[in-house]
Amino acid sequence: MKENWLQRRVVFEEEVDRLSRLPLADPGRTVSEFRLWYCERFRIGDELWWYDTGMWEEAAGENGYALVRNGGIAFMYPCMRN
């Protein structure tokens, strides 16, 4: 993953709250999966970011969350791909 794909830093608790209010088919499952992914990987000092590859027209687009650790991307949680 390229660091220039990182769009904005997000706060985990605020993002969980936002996701729980989205009109999803099963928001509880989505929120619980995201919470589990985050809690299993997060370490003190990590940052949570929203990323977007921006390559949707080339059929290589992807967006989601990235955990940044020590200045590098440690883990990704893709939300949408094409």
Side-chain angles (χ1 to χ4, degrees):
M1 172 185 235
K2 300 178 182 177
E3 274 72 15
N4 64 344
W5 292 350
L6 298 176
Q7 301 288 308
R8 62 182 167 83
R9 190 171 174 189
V10 296
V11 176
F12 174 72
E13 294 82 5
E14 293 173 3
E15 205 63 12
V16 167
D17 182 57
R18 185 187 72 78
L19 290 172
S20 67
R21 290 184 274 116
L22 290 177
L24 303 170
D26 188 356
R29 180 170 180 242
T30 301
V31 172
S32 62
E33 287 174 355
F34 176 61
R35 184 185 307 273
L36 180 64
W37 173 84
Y38 179 84
C39 291
E40 286 180 342
R41 290 161 179 81
F42 178 81
R43 301 292 178 259
I44 294 173
D46 287 355
E47 298 175 351
L48 183 63
W49 285 75
W50 176 257
Y51 75 88
D52 191 324
T53 64
M55 299 187 299
W56 297 98
E57 293 177 6
E58 295 89 14
E62 180 178 304
N63 65 25
Y65 299 95
L67 266 180
V68 175
R69 182 175 295 157
N70 299 323
I73 296 161
F75 300 100
M76 294 171 26
Y77 183 85
C79 292
M80 185 181 297
R81 293 179 173 151
N82 74 341

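Quick note: numbers below take in every heavy atom, side chains included, and nothing from hydrogens, waters or symmetry partners.
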Q) Would you say R69 has more than 12 foreign heavy atoms packed within less than 6.0 Å of its CZ? A) yes

Q.
Any heavy-atom pair between the side chains of Y77 and E33 that's under 4.5 Å?
A. yes

Q. Would Y65 and Y38 count as a close aromatic pair, with their ring centres under 6.0 Å?
A. no

**Q.** Heavy-atom donor-acceptor pair, Q7 side chain to W5 backbone, under 3.5 Å
**A.** yes

**Q.** Heavy-atom closest contact (W49 atom, V68 atom, distance)
**A.** CD1-CG2, 3.6 Å

Q: State whether the side chain of N82 and the backbone N or O of G61 hold a donor-acceptor pair below 3.5 Å, judged by distance alone.
A: yes

Q) Tell me, do L67 and E47 make a side-chain contact under 4.5 Å, heavy atoms counted? A) no

Q: Please check if the side chain of R41 supplies one atom and the backbone of W37 the other of a donor-acceptor pair under 3.5 Å.
A: yes

Q: Grab the two heavy atoms, one from D52 and one from G54, that are nearest each other, plus how far apart they are.
A: OD1-N, 2.7 Å

Q.
Less than 4.5 Å apart, side chain to side chain, heavy atoms only: is that true for F34 and V16?
A. yes

Q | Minimum side-chain heavy-atom gap I73-L6 below 4.5 Å | A | yes

Q. If you measure from OG on S32 to CG on L19, what distance do you get to the nearest 0.5 Å?
A. 11.0 Å

Q) Less than 4.5 Å apart, any side-chain heavy atom of Y51 and any of P78? A) yes

Q: Rounded to the nearest 0.5 Å, what's the gap from CD on E14 to CG on L48? Could you check?
A: 11.0 Å

Q) Is there a donor-acceptor pair under 3.5 Å between the side chain of N63 and the backbone N or O of M80? A) yes

